[in-house]
Structures are given as C-alpha cells and as structure tokens.
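Labels below follow one simple rule: chain letters A, B, ... track the order of the sequence lines, proteins then strands, and each chain is numbered from 1.
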Amino acid sequence: MPELPEVESVRRGVHEWTAGATITRAEVIDPRILGTTSQRRIAVGAEETFSRSLAGLRIVSAERRGKFMWLTLGESDPALSLLVHLGMSGQFRVQTAADEMHKHTRAIFHLERELGSDFTGSGSAGVGDAGRGPERFEMRFVDQRIFGHLGVQPLAWSHGRFVPASTTHIAADPLEPAFDFEAVVDRLTAKNTALKSALLDQSLVSGIGNIYADEALFRAGVHPLANPSRTRRSRLASVLESAILVMHDALQVGGTSFDSLYVNVNGESGYFDRALLAYGRGGQECVRCSTEIVRITVGGRGTHFCPNCQKSPRYR
DNA sequence: CCATGTCCCTGCAAGC
DNA sequence: TGCTTGCAGGGACATG
C-alpha cells in the first residue's frame, strides 16, 4: 500500500525517466482508471478526451503531495497536469514496446526523448535502441485493483503551491516547506474522533496511510483509540513527530527495488520488507515488552498495537 | 461543519 | 474438488 515514502520513491523514479520526454500517445486500456475512486461511471468519450489532451505535450517534472503524484506538462495553456494516484496497487513501469504486457496494465504512455537531452535519469540502459534519433519507450500504469486513478487536471493554488485542481483539499505533507507542524497539532487537538482516524485524514496532514499510522502510534506509545481532544498536546505532537520520522526512515530505504525496467514500485516485495514494529504483527510479540500485539478495527481499518506500550486511555 | 458508514475492485484464503 | 463468502485497502460520497 503506497503511502508517502513509497509514492515519493515512485515519483523520483518517474521524474528521472520522464522529465523532458514528450508524450506521443496516451493509450487507455481500462477506462475505469479514469473514474474517481468511488464513482466508476466514466463519462462518454472520457478516453478520447484524456488521450487527446495529452498527445504532444512535454513532461516537465514529476511532483507529489501526500499520496498524490502528478506530471506537470509544458506547451499547454492553462498549465495542465497528469494526475496519478496509485491507490492500493498502482505501479509505473518503464518498458519498451517489445516488453511483455503485464496482465493488469491499465494505461500506456508512449514517450519519446531526444538522446543527449538534459534528462537527469540514472541511465537509459536497456531502453531504446542504440542508434541515433529519438529514444522511444513506454511508461505503463499497472494496477491490479483499480483503486488507482489517472486524470488530466489544470493546476490550482493550494497550501503554498500549484497542485492539480481536484486535489486542493489535500493538506501539505510533512516533507513540504508549507507544512506547519504546530498548526497541524493545533487542529489535531480539536478532533473528537479516534486519534488514528485523525492521522489518516488527508485534509489535516497528507501522506500518512494505515501502515505508518500504526507505526507512529506504536513508536510514540499512544493508543489508536485515544481521543485527540482529551489527549495532552505534547502526546499528539509526539505522535505526529513519530509519523514524520518513521516515514523518513522508510524513504531512506524506499529506493531499493530499482532496475532498468522498473520505476520502483515493486508491489510484491518492495513495500513489505520495511522494519514494521506494529503493522501486520497481530498475535506476535511486541519488540519492546513481548506482550502480544493486538489487532482491532478502527474506522474500518485494520489496526495493530501493543496493549502494554500503548495504554488504553482512562476515559474509555 | 463534523463524524461515521458504504462503496468501488480484485485476488486470495477460509469455510462448506 | 469447487464453489461461495469475507477481507484488505484509500478516498469520494452519502448519511446521521
């Protein structure tokens, strides 16, 4: 499940491969990828509109806020972006036309890049031919569960920068200059819901998903059901700080599963060998105190915690 | 406005 | 063995 560190790893890979490249053709294999996550009804002609609006545009850069990623596009007025959300299982793969098509390929971006252009990539080994002329390759969007989403969006101002218009409600993430730690803690203190649910609220702070929420609460030693409005401000700050630290740690090792054919994102292996202390460890011993890690459901999400290290709040 | 519940989708595991 | 059922997850939307 890609959260901030994973999406950032993907963004870096996508940027290296595609910045400066031109989209010669955008091919939609499964139009459901163009719908929003809940509304799967696709407007008539959405595929054609999507493809037509991208054809011929140059990719300037890959950017990210929270779990949302987008490519800023040149030669368009107003400035457009290709919005990408990986959902649960979205992946980008850089391949050539000759490469075998993955079963869950939902869209293909045919790209072209002048050899010797100023792309900053880690190399084009294995992609394109060895001769002259533009280098041609494909960036394929693969998504097993179709919780991911692609869309063409104008850019709009939100929380200190331009972002795709449909994401203006998403808060700044902790890696952004606009992120205001104290302001987020202030807003957190007003929340009257499970602390874990508040951590997952992308309009409060973006980028934290189910895994890192559990890890942050474990690291800070705070119960997932604690009510923020009844919790000491210093404890809330500690949890938020832990979330930032654990995501930072994960990002440090997030770029592991790179090779010439992958733009990171190896849904199978890459995500799961992180040093997780709570998430997915239900029934196992706590690494700190050997108490059995408990699994409960909070806001419909699987939640893992140590009942000894993360004491139940007294008001419950 | 705020909090909670439901749905989207697929593959896998468990149960009959 | 082969079917059905339930679960996992992020975010939009509907409801309370």
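- Residue A:E3 contributes atom CD, which lies 10 Å from atom P of C:dG9 at whole-angstrom precision.
- Rounded to an integer number of Å, the gap from CG of A:L199 to P of C:dG10 is 13 Å.
- Between the C1' atom of C:dG11 and the CG atom of A:L86 lies a distance of 14 Å, rounded to the nearest Å.
- Residue A:K103 places no side-chain N or O under 4.0 Å from the OP1 or OP2 atom of B:dT10.
- Residues passing the salt bridge (charged side-chain N to carboxylate O under 4.0 Å, His left out) test with A:E112, sequence neighbours excluded: A:R136.
- Every residue two or more places apart in sequence or in another chain that forms a ring pair (Phe, Tyr, Trp, His ring centres under 6.0 Å) with A:H102 is listed here: A:H104.
- For the pair A:M69 CE and C:dG10 P, the computed distance is 17 Å after rounding to whole Å.
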Check: protein-nucleotides 1-5 of chain B nitrogen or oxygen pairs below 3.5 Å:
residue	atom	partner	partner atom	Å
B:dA3	OP1	A:N192	N	2.9
B:dT4	OP2	A:T193	OG1	2.5

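- Atom pair A:I33:CD1 and C:dA12:P shows a separation of 15 Å (rounding to whole Å applied).
- Under the side-chain hydrogen bond (donor to acceptor under 3.5 Å, both in side chains) criterion, A:R140 pairs with A:Q95, A:E138, sequence neighbours left out.
- Among residues two or more places apart in sequence or in another chain, the side-chain hydrogen bond (donor to acceptor under 3.5 Å, both in side chains) test is passed with A:S166 by A:Q153.
- Not one side-chain nitrogen or oxygen of A:Q144 sits closer than 4.0 Å to the OP1 or OP2 atom of B:dT10.
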How far apart are the C-alpha atoms of A:I29 and A:F141, what are their side-chain angles, what is the distance that settles it, and do they pass the side-chain contact (heavy atoms from CB on, under 4.5 Å) test?
CA-CA 10 Å; A:I29 309 292; A:F141 186 69; over 6 Å; no

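- Between A:R106 and the phosphate of B:dT10, there is no side-chain N or O to OP1/OP2 separation shorter than 4.0 Å.
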Between protein and nucleic acid, restricted to nucleotides 6-8 of chain C and to nitrogen or oxygen atoms under 3.5 Å apart, what atom pairs and distances do you find?
residue	atom	partner	partner atom	Å
C:dA8	OP1	A:R295	NH1	3.2
C:dA8	OP1	A:R295	NH2	2.1
C:dA8	N3	A:R145	NH1	3.0

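- The side chain of A:H169 sits closest to C:dA12 out of C:dA12, B:dG11, C:dG10.
- In this structure, A:L150 places its CG atom 15 Å from C1' of C:dG10, rounding to the nearest Å.
- Lacking a ring centre under 5.5 Å from that of the base six-membered ring together with a plane angle below 30°, A:F147 does not count as stacked on C:dG11.
- Across its full length, the helix from B:dC2-C:dG16 to B:dC16-C:dG2 shows an angle of 60° between the axes of its 5 terminal pairs at either end, rounded to 10 degrees.
- For A:Q310, the side-chain hydrogen bond (donor to acceptor under 3.5 Å, both in side chains) test picks out no residue, with sequence neighbours left out.
- A:T96 and A:D99 are linked by a side-chain donor-acceptor pair at a separation below 3.5 angstrom, with hydrogens and angles left out of the test.
- Take A:R219 and apply the side-chain hydrogen bond (donor to acceptor under 3.5 Å, both in side chains) test, not counting sequence neighbours, and it matches A:D249.
- Residue A:H104 places no side-chain N or O under 4.0 Å from the OP1 or OP2 atom of B:dC9.
- Every residue was checked against the ring pair (Phe, Tyr, Trp, His ring centres under 6.0 Å) condition with A:F109, not counting sequence neighbours, and none meets it.
- Annotation: the span from A:E3 atom CD to A:D173 atom CG amounts to 12.5 Å, rounded to 0.5 Å.
- Nucleotide B:dT10 holds its P atom 5 Å from the CD1 atom of A:I146, rounded to whole Å.
- Qualifying side-chain contact (heavy atoms from CB on, under 4.5 Å) partners for A:N192, counting only residues two or more places apart in sequence or in other chains: A:N227, A:S229.
- Here B:dG11 presents its C1' atom at 13 Å from CG of A:D143, a figure rounded to the nearest Å.
- A:F181 is linked by a ring pair (Phe, Tyr, Trp, His ring centres under 6.0 Å) to nothing, counting only residues two or more places apart in sequence or in another chain.
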